[in-house]
Structure formats: structure tokens, C-alpha cells
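Predicted model only: the values in this text are computed from it and were never measured.
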Amino acid sequence: MSVTREVSAVPERARGERSHRLGRAALAALVLLCGVTLLLGFANKDRCTGPEFDQWGRSAPDYEERNKSEVCYSDIQHLWIGRDVDRHVFPYVHGSINSKGVLIGGTVEYPVLTGLLIWAGAIFAHTDAAFLLFSALLMAPFGLATAWLLGKLSRWRALLWAVGPPMVLYAFHNWDLPVVFCAVAAVYVVHRGWGRTPKPLVDRAVVASVLLGLGFAFKIYPAAFVLPLCLYVLTGGHEGLKNRERYDVAGAVKVAFASIVTVVLVNLPFAIAGFEGWQASFTFQQLRRVDITTNSIWFWSMRPFMADETMQGVVSVLSPVGILASFALACWLGWRRFQRDGVYPWVPVSAAMLCGFLLLHKVHSPQYTLWLVPMFVLLRVPLGWAFAYFAADLAMGIGIFRWYYAIEFAQPSGIYDGFSAQAVVIGVWGRAALLVALFVVFLKARVTFPERVRFLPKVAS
């Protein structure tokens, strides 16, 4: 006769897991600190609103001058005008992109869940100030929940997220807090599960894959993490493969399929209701040109040496090819580490892939730093790397708008005319150098949270 009973097998490095956890009071304090930081982030952006408003609900006077000179610009406030957000048009359904590459009819340049978030934030708004406020109220819970999850996983290291400068600069710069939550929640589900009953790895990974699919529907990038997650499941994760199986191909396929189905189900209603408007959001990104506003290495490395049209053609090929090559390299190096250590490092590989994307994508918006911060929390790398990246990012986040102000309002803007242009150079190349280094550092790093290993073996009696 054979019976099945639950046995909990905890590896040596995880025996201190209970003491590793933050208590309820500590977690509450962490989330409270994050809330204070979010308030500071909102106050920073709210400086650009009012005190008067024109007939379109745009802040006055001198909105365009203030948002650059006072470094309080946000995409949220800015896109109140120009995407029919102020007209409360439901996104995508009646939209399109015209011959000049301008989005019209409610289409926005983001995936559908972000489009819904934008629309929801504008429902009760009649000025850009109200739109910023309501959008912040919608997104703040995602920032707080992310702090809570990171605290549960990595204890006080989560302060990098909760009180770091990127949260003040970018929490309400764009609509990025929900997508970061999806990515962090996926890691949490894989390594902590849910409820009191232990869940099989494949079940946890399928739920995480759904979260990454939802992340794709917010801001695309979490979809890249599905590949290393599949490789983690394929090789049995930390639990290892049972019954001397070589690889869990069926489990990896389930994980990939879950993400694909999630993306299709979320996008399909919009594609059916208004295919042209839905497609236009992707077309806009494909047509986006590399210019002074994209903040990427491509503009700064190529523009001085080649004509604009030549540069656009070269970047349209090199950028996607380079990104895919960086993804392949990260996964391959992760596989080599699996062969050495016996566990596929899906979180370190995901972090390295993110570095490749941020470095080689043709657009490097300032708020993308929020995507990277959780990796500093989840991976055991010296804090100096995080502080160095924050410093380079701070130079970019402040310098870029001061530089735009100098250019647009006929102030001295040359590299020798003031610190704003110099700060931009420091930001662009400082971040680039750090991303190259972090690609390697992340791949070698261990996670900052203990692994929990449980399984249900068969015991003969």
C-alpha cells in the first residue's frame, strides 16, 4: 500500500526564514514610509499645476516654461491635452493614427491596461491638475503594495524602493507603478505562493506568468521575464525535478501558454471593438524617431556622425537585434550557471535582460528607473551599485529638463555653458556604463530572500 503525505523539506540556507521576515509592525512602517515618499513625489509634480487654468483645463500661466525650469514635468499632466483625454473619450475604440503619426480619437501610445488607467483617471477631471491627482490616487496603491511585497521578500532592503529618489522623481511621472507591481508580484508568487497550503511549482509559475502577461498589457517589459521563468520551471526550480525526469517540458509550456492567453484575452476586446485604434498604439511606437527627447545612447552616439534619416534606419535594425541578442546572452549565461549550481537563476537573468532592454532600446524615458529599482532589492548586490545608478539617474532626471528649458527659451545650452547639459551627458553615459556592468553583476548575484522548498513525496508502508 502506498500513501501520500505532506513533507516540508527546508534547505539549510532557509532555516532562518522565520527570523528573516519582517514583522507586521515593521512592514506597516515600511509601507508608511513609502506613502510619505509617494506624497513627496506627488507634491513635486503638483508644483506644475495651476494656479489658473485655460479653456482646455491646462495649467496657466507659463505651463511649458515652468515644467522645465522648475523640473516638475510629468507625462500625466502633459498628456491631458492631445490624446482626447480631456474629452473623456474611451481609449482605442474610435482611435487611429494620421498620416503625420499623430494619435487621434482616444488612442494613446501605451498598451490597453495603461490606456484604461488613463481614461479612469480622467473621468471626473476637468483640469490637468485634477487629472494628475486622480491618476496619483489610482496608482499609489500599486506603489504601496510593491513596497509591501518587497518587504515580505527582502526585508529592509525594500527601503531602496520605498524611500529612494526615483520614487520622488518618477512615481507620478508616467503610469509605471502598476507594471512594476505586476513584475514584483510575479516573483513573490513563484517563491512564496499564496495561502497556507504549499502549491506546486508549475501552479505558482502559471499564476506568475499571468501577472507578467498583465504587466505586458500595462507596459510591455515584464513579458521578457516569461522566458527565464519557463527555463526555471523546465529545470525544476529550487525543488528539483522528481522521478529522475530530465526536464519538465509540459510545465514550461503551461507557463508560456498562460502568459500568451492572458495577453490575448486582455487585448482581444479592444482589437475587436476598434482594431485601427488598438493597432495605432503599436504603430506609434514603431514610428517613433530617435531624437533629443528619447534620452538613449543611439542619439548621443550616432547623431553627431551621420544624417538623421541614416541614423533612423540604422537604429531601427540595431536596437531590436541588440535587445534580442542581450536576452539570448542572459538566458545562455543563466543556463551555464544552472549547469554549475543546479538551479536556473530566473530572477538574475530577468534583471540582466532588463538591463539589456534599457541600454539598447531606442527610447530611455526617465521613469524606466522605477523598473530597475526592485532588482536592486531582490538581488544581493552591493548597495553601491544602486547608489551609483541613483546618482547618474538624478543627474539625468534633473538635468534633462533644465537643458530643455535652456534650449527652448533661448538660454545658453552648450556643454560649456552650464551644468544642465553636462548633467545630461553624465546621465546618459553614466547610466549606460552602469547598465553594462549591472548586466554582469546581476547574473552573478544571489537573491536576497530565502527559498522555501516543499513537496509531496510518496511514502511506502
I'd like to check V428 versus M396 (side-chain heavy atoms, cut-off strictly below 4.5 Å). Are they in contact? yes
Taking all atoms of both residues into account, what is the closest heavy-atom pair of L27 and K152, and its distance? CD1-CD, 3.5 Å
Quick one: pull up OG in S365 and CG in D75 and give me the separation to the nearest 0.5 Å. 6.5 Å
V290 and S296: which non-hydrogen atoms are nearest, and at how many Å? CG1-OG, 4.1 Å
T49 OG1 to N67 CG distance, which is reported to the nearest 0.5 Å: 11.5 Å
P348 and A445: which non-hydrogen atoms are nearest, and at how many Å? CG-O, 3.5 Å
State which residue, out of L383, L150, L379, fulfils the side chain to side chain contact (heavy atoms under 4.5 Å, CB included) condition with R157. L383
Y170 and its side-chain hydrogen bond (donor to acceptor under 3.5 Å, both in side chains) partner, picked from T369, D393, N44: D393
Give a yes or no answer on whether the side chain of K45 reaches the backbone of Y73 with a donor-acceptor pair at less than 3.5 Å. yes
Could you tell me whether the side chain of L287 reaches within less than 4.5 Å of the side chain of I97, counting heavy atoms only? yes
Return the orientation label for the F376 and F390 ring planes: parallel under 30°, perpendicular over 60°, tilted otherwise. perpendicular
Using 30° and 60° as the class boundaries, would you call the ring planes of F142 and F218 parallel, tilted or perpendicular? perpendicular
Any salt bridge (charged side-chain N to carboxylate O under 4.0 Å, His left out) pairs touching residues 262-286, not counting sequence neighbours? none
Say whether, by atom type as modelled, one donor and one acceptor occur between the side chain of H88 and the main chain of A125 under 3.5 angstrom. yes
With distance as the sole criterion, is a donor-acceptor pair present between the side chains of Y110 and N174 under 3.5 Å? yes
Answer with yes or no whether the side chains of S59 and Q77 bring together a donor and an acceptor at under 3.5 Å. yes
Given 3.5 Å as the limit, does a donor-acceptor pair link the side chain of T448 with the main chain of V377, or not? yes
Taking atom types as modelled, is there a side-chain donor on W278 or N267 under 3.5 Å from an acceptor on the other? yes
Ring centroid separation for Y344 and Y232, is it under 6.0 angstrom? no
Say whether, by atom type as modelled, one donor and one acceptor occur between the side chain of T107 and the main chain of L103 under 3.5 angstrom. no
Measure the CG-CH2 distance between D176 and W371 for me, rounded to the nearest 0.5 Å. 6.0 Å
R336 vs D341, test: salt bridge (Lys or Arg N to Asp or Glu O under 4.0 Å). Steps then yes/no. CA-CA 9 Å; R336 292 190 61 180; D341 298 344; over 6 Å; no
Please test F299 against M311 for side chain to side chain contact (heavy atoms under 4.5 Å, CB included), starting from the C-alpha separation and ending with a verdict. CA-CA 8 Å; F299 177 83; M311 179 183 68; 4.3 Å; yes
For F124, is the CZ atom crowded, meaning more than 12 foreign heavy atoms sit under 6.0 Å from it? no
Measure the shortest side-chain to side-chain distance between I123 and F134 over non-hydrogen atoms and say whether it is less than 4.5 angstrom. no
Check N295 against P366 and note the closest heavy-atom contact, atom names and distance. ND2-CD, 3.8 Å
Contacts satisfying salt bridge (charged side-chain N to carboxylate O under 4.0 Å, His left out) that involve residues 220-234 (not counting sequence neighbours) are none
Hey, does V187 have a side-chain heavy atom less than 4.5 Å from the side chain of M375? no
As an exercise, state the distance from CZ of F442 to SG of C355, rounded to the nearest 0.5 Å. 5.0 Å
Using a cut-off of 6.0 Å, state whether more than 12 heavy atoms not belonging to W56 lie near its atom CH2. no
Does any non-hydrogen side-chain atom of F419 lie less than 4.5 Å from one of I426? yes
Angle class for the W148/Y188 ring planes (parallel below 30°, perpendicular above 60°, tilted otherwise)? tilted
Contact between H78 and E64 at the side-chain level, heavy atoms closer than 4.5 Å - yes or no? yes
Might you confirm whether atom CZ of F409 has over 12 heavy atoms from other residues, nucleotides or ligands at distances under 6.0 Å? yes
Before giving the answer on side chain to side chain contact (heavy atoms under 4.5 Å, CB included), spell out for I118 and S135 the whole-Å C-alpha distance, their side-chain angles and the decisive distance to 0.1 Å. CA-CA 7 Å; I118 292 171; S135 296; over 6 Å; no
Counting neighbours of CZ on R47 that are heavy atoms of other residues, nucleotides or ligands and sit closer than 6.0 Å, is the number greater than 12? yes
Non-hydrogen atoms of P228 and V349 that approach each other most closely: CB-CG1, 3.8 Å
Roughly how far apart are L358 CG and Y389 OH, rounded to 0.5 Å? 5.5 Å
Note, L160 side chain near F387 side chain (heavy atom, < 4.5 Å): yes
Measuring only between side-chain heavy atoms, which start at C-beta, is F181 closer than 4.5 Å to L149? yes
What verdict does the side chain to side chain contact (heavy atoms under 4.5 Å, CB included) test give for L231 and W346, after you've listed the backbone C-alpha separation in whole Å, the side-chain angles of each residue and the deciding distance to 0.1 Å? CA-CA 7 Å; L231 293 173; W346 87 277; over 6 Å; no
May I ask you to decide if V207's main-chain N or O and R204's side chain share a donor-acceptor pair within less than 3.5 Å? no
Does a salt bridge link R289 with D308, judged by any charged N lying under 4.0 Å from a carboxylate O? yes
Under the 3.5 angstrom rule, does the side chain of W298 hit a backbone N or O of L360 as a donor-acceptor pair? yes
Enumerate the residue pairs fulfilling salt bridge (charged side-chain N to carboxylate O under 4.0 Å, His left out) with a member in residues 90-118, sequence neighbours excluded, ordered by first and then second residue. R83-E109
Without swapping roles, check the side chain of R58 against the backbone of D128 for a donor-acceptor pair under 3.5 Å. no
Backbone N/O of M353 and side chain of S326: donor-acceptor pair under 3.5 Å: no
Mind telling me whether F42 and F172 have parallel, tilted or perpendicular rings, with 30° and 60° as the class edges? perpendicular
Test side chain to side chain contact (heavy atoms under 4.5 Å, CB included) on R155 and F449 and set out the steps. CA-CA 8 Å; R155 298 189 50 158; F449 47 89; over 6 Å; no
Specify whether F338 and W335 have parallel, tilted or perpendicular ring planes, treating 30° as the upper limit for parallel and 60° as the lower limit for perpendicular. tilted
Value rounded to 0.5 Å, distance of CG in L32 from OG1 in T37: 9.5 Å
Checking S301 side chain against I297 main chain: does a donor-acceptor pair fall under 3.5 Å? yes
Which pair of heavy atoms, one from A208 and one from V189, lies closest together, and at what distance? N-CG1, 4.1 Å
Heavy-atom donor-acceptor pair, D54 side chain to G57 backbone, under 3.5 Å: yes
